[in-house]
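Okay, so here's the structure we're looking at.
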Amino acid sequence: MVSGGSETDRPDPNPKRGEVTVACPSDDTLVEILSRLPPKPRFRFKCVSKPWRDLIADRLRCRKFPQTLEGFFFGGTDDEKYGNFVDLLGRPSPLVDASFSFLTKQPEIEKINLLGSCNGLVLFGHGRASDIYDSLGYIVCNPATEQWVAMTRSGWTPFDDSEVICTYLIFDPTVSSHFELVQFTQDDEGVILIDDEGVMLNDDGDDDDKGAMEVRTYSSESRVWSGGKTIKLGAHRRILSYLGSPLVNGMLHFNVGHEYGKEDRIVAVDREVKKCRNIHWPEKHGEIILVGQSQGLLHCISRHTKTIETADLSVWVLVDYDTEEWVLKHSVSFAHLSGKSGRAHAFSFCFVSIHPHRNMVFFVPSESQKLMSYDMDSKEMCVLCTVGCDYPYVTQYVPYFSESPALGRKH
């Protein structure tokens with residue numbers, strides 16, 4: 001006779017018919033599994049249960065979820081061709097509504113112009129169709145969820161067509177569900193100063209004021225603009241917005257122009273412009289042609305021009321903020337990028353982006369007007385599509401599938 005086990009070891013004499021016990025994975029295990037899924041299917045799993053929804057929406061845990069570069073939006077032309085999207089995965093059906101019809105069909109929305117994007121949200125300038133300077137403000141939207149919100153203008157209006165503004169979107173879902181706009185004012189001669197009432201301050205000719213720029217910020221949490229802040233750049237006079245504006249370590253980075261004989265400089269500001277720092281760029285590293293973010297680090301793409309038709313491209317990484325140590329990551333000749341054995345003019349290439357997770361850069365040769373990628377590991381190039389014309393704005397698109405309280409409206 002075999003002796004029986006303890007009461008807890010014995011099977012239940014009256015089990016419920018058809019009941020199956022399933023062991024649920026731990027939260028950490030579930031996060032690891034979900035992190036291996038593409039963003040869209042992962043988002044759909046929020047419907048499984050409330051705990052799953054909360055887990056996927058958790059800002060701290062979603063750091064482990066990879067955000068994949070899906071494509072690029074091209075826009076900003078006078079003919080309003082803001083609805084151009086390049087799908088890097090070549091899907092037969094579009095990932096998003098590239099025409100942004102969920103915005104343009106709204107009766108209160110007139111003319112929109114693509115300005116940029118950040119972590120899945122897209123920024124548009126909003127103005128009256130009849131007047132480019134009659135600004136109504138801005139629109140921030142999420143193409144994946146078709147949520148959007150409109151903001152009034154900051155209070156600044158241009159005095160003439162030489163005065164421009166640079167407005168950037170800052171959004172980091174791992175930190176906050178809210179976003180900020182940072183707006184800088186400048187003119188063709190450099191940066192202009194505007195007081196809280198929108199009145200231009202007189203220039204007293206003091207060299208110490210060179211490069212001082214007025215900054216306005218908008219918070220989706222407070223829903224108001226704040227102004228009156230200034231930062232000084234010395235002899236560095238103008239934001240070169242077309243050279244990129246990546247968000248790295250919670251700070252917005254951009255390249256600024258300089259007076260003759262001065263080295264380039266990269267400026268970093270936090271989301272509320274409470275912190276500002278200048279990052280030195282050594283002249284020996286070449287001329288900056290793009291500032292970007294990849295694998296969590298600040299990258300700079302530069303060119304060394306030997307002759308007008310002979311040049312090399314270099315990719316540098318800022319490995320230490322304190323010592324401002326730049327390390328060379330990769331170097332390649334423009335002749336190789338052109339795919340020709342002969343000469344290649346360095347100024348005939350427009351670099352639009354660096355991949356956020358791979359050692360890859362994207363560029364458009366002016367001769368072919370084709371968007372191309374260059375893999376720094378394999379040294380291979382790939383033609384992605386024909387762009388067709390010069391677009392003032394090219395911005396990355398990394399989908400963000402969670403609905404945000406900061407974007408109240410939905411089509």
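- Looking only at side-chain heavy atoms (C-beta outward), Glu180 and Thr217 stay at 4.5 Å or farther from each other.
- The two residues Met251 and Lys275 have their closest heavy-atom pair at CE-O, 3.9 Å.
- Asp270 is linked by a salt bridge (Lys or Arg N to Asp or Glu O under 4.0 Å) to nothing, counting only residues two or more places apart in sequence or in another chain.
- Looking only at distances, no side-chain donor or acceptor of Trp316 sits under 3.5 Å from a matching main-chain atom of Leu298.
- Atom CZ of Arg223 is surrounded by 12 or fewer heavy atoms from other residues, nucleotides or ligands within 6.0 Å.
- Two residues are said to be in side-chain contact when any heavy atoms from C-beta on lie closer than 4.5 Å; Arg216 and Thr167 fail this criterion.
- When atom types are taken as modelled, the side chain of Trp326 and the backbone of His280 share a donor-acceptor pair closer than 3.5 angstrom.
- When atom types are taken as modelled, the side chain of Ser331 and the backbone of Ser314 share no donor-acceptor pair closer than 3.5 angstrom.
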Verdict with reasoning, Phe73 to Phe100, per ring pair (Phe, Tyr, Trp, His ring centres under 6.0 Å): CA-CA 11 Å; Phe73 286 111; Phe100 292 92; 5.2 Å; yes
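- When atom types are taken as modelled, the side chain of Ser220 and the backbone of Ala406 share no donor-acceptor pair closer than 3.5 angstrom.
- Considering Phe85, Tyr397, Phe362 as possible partners of Phe72, the one that fulfils the ring-ring contact (aromatic ring centres under 6.0 Å, His included) test is Phe362.
- Side-chain N/O atoms of Asn142 and Glu403 include no donor and acceptor closer than 3.5 Å.
- Asp97 and Glu146 make their closest contact through CB-OE2, 4.2 Å (heavy atoms, listed as atom of the first residue, atom of the second, distance).
- Taking each heavy atom of Val291 and Cys300 in turn, the nearest pair found is CG2-SG, 4.1 Å.
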